[in-house]
Amino acid sequence: MSANDGRERILRAALELIARDGFDGVRIADIARRAGASTALVHYHFSTRAQLLTASLAHSLSAAEARLERRTDSEHRSAPPERLADLIDFGLPLTHEDVMEWRLWSELEMRAAGSPELARTLASLNDRIIQPLAATVTAGLATGDFRDCDPDEVATVALALLTGLATRLIARDRALPLAHARYLAGRQLALAVGYAGELPFQTLPPQPGPAPDAENPTTDASSPPRPSARRRAPRTSSRP
């Protein structure tokens, strides 16, 4: 395999295993085996396990950014209210890929407090969410869709709100179905930007539930799937 192909396979394997077993439960040898690579190749690309964690999350975020842009472009959703609704969806675990990414994000948050390097990485990834949100609010103020708000303040509050809701969804809180979490986020951010009415969300993607087990005999179909293994953050764009 090429160097780039090998790196991509290692990152994908790390994403899946860390999201499933937790950072402390995964060995480099496990990742190498999953990727069909040697441990030497893993160490060649990533000198530390922490570097592998952050690179896996950044890789996943970039893939999610591309998915968001393709979905937005295909539906021709460029108006600020539409963009804000799509960014809310971007910040919630709607798909299997989202759930895996949020689990990595949680691993990073837990370790950032004790590591200046990881803290800087977390701040950088948070900024990748905040910037598009602030840009969208700024665009909405210019078009008159939004009013009486500060874009940076709204973006910061939005990140905190979405992170809190996503944490409960990942924990499979039965008191908070996905559709209701999305409704709450949309309602609160519409109020924050002075938008009249409900934000124009797209149809939720299918939400397959996990197979029943002894500890969980029933499944809430509105909850995000629990993978065997957020974020993600959209790139800043000049368009709203």
Sub-4.5 Å side-chain heavy-atom contact between Glu82 and Phe201 | no
Taking every non-hydrogen atom, the tightest pair across Ala14 and Ser56 | CB-OG, 3.2 Å
Of the non-hydrogen atoms in Ala119 and Ala112, which two are nearest, and what is the gap between them?
-> CB-O, 3.6 Å
Please answer: with hydrophobic residues joined when any side-chain heavy atoms are less than 4.5 Å apart, are Val157 and Leu184 in the same cluster?
-> no
Residues passing the side chain to side chain contact (heavy atoms under 4.5 Å, CB included) test with Ala175, sequence neighbours excluded, are Arg168, Asp173
Between Gln202 and Asp89, is any side-chain donor less than 3.5 angstrom from a side-chain acceptor?
-> no
Taking Ser115 for the side chain and Arg111 for the main chain, is one N or O donor matched with an acceptor at less than 3.5 Å?
-> no
More than 12 foreign heavy atoms under 6.0 Å from CD of Glu117: is that the case here?
-> no
For the pair Thr167 (side chain) and Thr163 (backbone), establish whether a donor and an acceptor sit closer than 3.5 Å, ignoring hydrogens and angles.
-> yes
Given side-chain contact (heavy atoms from CB on, under 4.5 Å), test His59 with Glu8 step by step and report yes or no.
-> CA-CA 8 Å; His59 174 74; Glu8 291 286 314; 2.7 Å; yes
Would Glu16 and Arg12 satisfy salt bridge (Lys or Arg N to Asp or Glu O under 4.0 Å), going step by step from the backbone distance to the final call?
-> CA-CA 6 Å; Glu16 293 172 351; Arg12 183 63 188 176; 3.1 Å; yes
Shortest non-hydrogen separation from Ala35 to Arg9 and the atoms involved | O-NH2, 3.0 Å
Among side-chain atoms of Ser124 and Asp127, is any donor-acceptor pair under 3.5 angstrom?
-> no
Could you grab the distance from atom CG of Asp21 to atom CG of Asp30, nearest 0.5 Å is fine?
-> 7.5 Å
Could you check if a side-chain atom of Ile88 sits within less than 4.5 angstrom of a side-chain atom of Leu92, using non-hydrogen atoms only?
-> yes
Give a yes or no on whether Met110 and Leu108 share a hydrophobic cluster (residues Ile, Leu, Val, Met, Phe, Trp, Tyr; joining criterion: side-chain heavy atoms under 4.5 Å apart).
-> no
Approximate separation, where rounding is to 0.5 Å, of Leu189 CG and Phe146 CZ = 9.5 Å
Going by the side chain to side chain contact (heavy atoms under 4.5 Å, CB included) test, name the single residue among Val42, Ile18, Ile28 that passes it with Arg49.
-> Ile28
State, with a plain yes or no, whether a side-chain heavy atom of Leu84 is found less than 4.5 Å away from one of Tyr195.
-> no
Mark yes or no for whether Asp98, through its side chain, and Thr95, through its backbone, hold a donor-acceptor pair below 3.5 Å.
-> yes
Between Ala55 and Arg7 the two heavy atoms that sit nearest each other are CB-NH2, 4.3 Å
Measure across Leu169 and Ala181 and return the closest heavy-atom pair with its distance rounded to 0.1 Å.
-> CD1-CB, 3.9 Å
Say whether, by atom type as modelled, one donor and one acceptor occur between the side chain of Ser47 and the main chain of His43 under 3.5 angstrom.
-> no
Is there a side-chain contact (heavy atoms from CB on, under 4.5 Å) between Val154 and Leu133 once you walk through the steps?
-> CA-CA 8 Å; Val154 171; Leu133 284 164; over 6 Å; no
Is Leu122 close to Thr54 at the side-chain level, that is, under 4.5 Å between some pair of heavy atoms?
-> no
Once you round to the nearest 0.5 Å, how far does SG of Cys149 lie from CG of Leu191?
-> 11.5 Å
